[in-house]
Structure formats: C-alpha cells, structure tokens
2 protein chains.
Amino acid sequence: MNSLFKALNDQTRRQIVELLKEKDMNAGEIAERFNISKPSISHHLDILKQADLVTSEKKGQFVEYSLNTTILEDLLNWILTLKK
Amino acid sequence: MNSLFKALNDQTRRQIVELLKEKDMNAGEIAERFNISKPSISHHLDILKQADLVTSEKKGQFVEYSLNTTILEDLLNWILTLKK
DNA sequence: CAGTTATTTAGATATTTATCTAAATAACTA
DNA sequence: TAGTTATTTAGATAAATATCTAAATAACTG
C-alpha cells in the first residue's frame with residue numbers, strides 16, 4: 001500500500017492516471033500534456049509502475065503505458081473498512 | 001484531494017486513522033501506541049486535521065481526536081471512476 | 001498560587017522528492 | 001551506416017517532510 005499511496009500523492013501522477021483511464025498512451029504523448037520535461041514525466045511513470053498502477057510495453061521506438069486498475073482493489077477495501 | 005492524499009501517504013498517519021476507527025482517543029493515548037515523540041504525533045494529527053480526516057475537541061486537559069469518514073467519499077468516488 | 005500533566009509550537013536536521021539539463025540507449029529510416 | 005526520433009539514466013538542486021529536543025501554553029490539583 002505504501003507505494004500506491006506514494007504514487008497517488010502527486011497531482012501530475014494522478015492526472016496521468018486519469019489520462020490513461022481514457023486510453024493507452026506512449027511516453028511522448030503523455031509528456032505533451034504537461035509543462036514538465038520528458039525526464040520528469042519518465043520519472044513519474046516509473047513511480048506509477050513501481051506501484052503497479054501502470055504497466056508499460058515497448059512498441060518499436062515507443063513505450064506504451066496502460067492503467068492497471070486491479071491494484072486499486074486493495075485501496076478500495078481499505079477505505080471501505082474505515083467507513084465500516 | 002491533495003491534502004487527503006498527502007495525509008494518507010504516511011504509514012504512521014494511516015495507523016492513527018485505523019486506531020481512531022475503533023474509538024476516539026486523546027493525543028496522549030495515540031502517542032503511546034507509537035515509538036515516536038509526542039510532538040511528532042501532534043504534527044501528524046495536524047496533517048490529518050488539515051485533510052479533514054480527523055476532528056479534535058478539547059476536553060479539559062485532553063484533546064480528543066475522532067475520525068471523519070465523510071471526507072473519504074470523494075476519494076472513493078475518484079477511485080471508482082478510474083475503475084469505470 | 002505552585003506544581004504537575006497534556007498538548008502544541010519553535011527551531012534544527014537529515015532524508016525524500018520533484019524538477020531540470022545533459023548524456024546515454026534504443027529503434028527507426030534514408 | 002549515419003542521422004533522427006523516443007525514452008530513460010545520471011547527476012545536480014531546491015523544496016518538502018518526518019523526526020527530534022527544548023520551550024511554551026493550557027488546564028487540573030493540592
């Protein structure tokens with residue numbers, strides 16, 4: 001859960017997650033949406049991957065990122081038990 | 001949402017939330033549960049308050065903390081929309 | 001009132017983090 | 001193969017954060 005909360009504790013990363021909810025995107029397409037350098041976006045993607053919130057697949061020159069929502073199940077349950 | 005994610009991005013604070021789920025507790029009782037100084041716990045409680053995840057009420061010498069789960073509604077919905 | 005107890009505030013410090021530029025790696029294309 | 005494009009890695013830096021000790025504040029108690 002630690003890496004998941006860490007991943008979500010950043011506005012940019014949450015926006016990336018929201019983008020990937022709509023459709024898979026490669027690193028460059030994601031970076032275009034932000035006024036942040038590509039290396040920084042790459043770093044954010046890495047943190048999202050560490051949390052298993054996104055997966056990546058090399059497609060030729062590009063690296064395509066996808067959202068993995070299954071990992072949110074644990075978070076959902078944690079919140080629900082708090083609400084009893 | 002920013003302050004909420006920030007509040008939850010810490011093991012100690014999540015544990016405090018879990019403690020308060022069971023019952024209201026004063027600052028000292030909470031601090032007893034951790035190997036962390038009282039000022040540090042006080043600081044964590046402040047961050048939880050900023051996120052509106054807990055409320056506090058002065059009771060004589062003591063300050064009693066309670067969990068506020070209503071604020072989790074937004075988080076829950078955010079996660080659910082990701083899962084579509 | 002003086003002393004004790006509960007909690008927070010202040011100030012310091014070490015660690016983590018978000019960001020950048022420059023360079024490296026990898027894959028495509030003429 | 002040489003050049004171009006896509007992405008990541010490396011290294012640096014400024015800001016945020018978690019923690020501590022010491023001091024301040026507030027409330028109870030004899």
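Quick note on labels: first sequence line is chain A, next is B, and so on, each numbered from 1.
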In whole Å, I'd like the distance from the [atom1] atom of [X] to the [atom2] atom of [N].
X      : N       : atom1 : atom2 : answer
I16(B) : dT7(C)  : CD1   : C1'   : 14 Å
Q50(B) : dA16(D) : CD    : P     : 14 Å
E32(A) : dT5(D)  : CD    : C1'   : 13 Å
E64(B) : dA26(D) : CD    : P     : 21 Å
F34(A) : dT19(C) : CZ    : C1'   : 15 Å
E29(A) : dT5(D)  : CD    : C1'   : 14 Å
M25(A) : dT7(D)  : CE    : C1'   : 15 Å
F5(A)  : dT17(D) : CZ    : P     : 17 Å

Next item on the list: Could you let me know what dT1(D) is paired to, Watson-Crick or G-U wobble, both distances under 3.5 Å, or none if it's on its own?
Entry: dA30(C)

Check: Can you tell me the Watson-Crick or wobble partner of dA14(C), both distances under 3.5 angstrom?
Finding: dT17(D)

Check: Picking from K49(A), Q50(A), H44(A), what satisfies side-chain hydrogen bond (donor to acceptor under 3.5 Å, both in side chains) with D46(A)?
Finding: Q50(A)

If you take all heavy atoms of [X] and [Y], which pair is closest and at what distance?
X      : Y      : answer
R13(A) : I47(A) : NH1-CD1, 3.5 Å
N68(B) : T70(B) : OD1-OG1, 2.8 Å
S3(B)  : A51(B) : O-CB, 3.3 Å
T69(A) : K83(B) : O-NZ, 3.4 Å

Notebook entry, point to check: Would a hydrophobic clustering, with Ile, Leu, Val, Met, Phe, Trp and Tyr connected at side-chain separations under 4.5 Å, put Y65(A) with I36(A)?
Noted result: yes

Note to self: Below the 4.0 Å mark, does dA6(C) have OP1 or OP2 next to a side-chain nitrogen or oxygen of N26(B)?
What the structure shows: no

Checklist line | Donor-acceptor contact present, side-chain N77(B) to main-chain E73(B), <3.5 Å | finding: yes

Notebook entry, point to check: When you match N35(A) and G28(B) each to their closest nucleotide on DNA chain C, which lands nearer the 5' end?
Noted result: G28(B)

Shorter than 3.5 Å, N or O on both sides, protein versus nucleotides 8-18 of chain C: list them out with atom names.
residue, atom, partner, partner atom, Å
dT8(C), OP1, Y65(B), OH, 2.6
dT8(C), OP2, S42(B), OG, 3.0
dT8(C), O5', S42(B), OG, 3.4
dT17(C), OP2, K6(A), NZ, 3.2
dA18(C), OP1, R13(A), NH2, 3.2
dA18(C), OP2, R13(A), NH1, 3.2

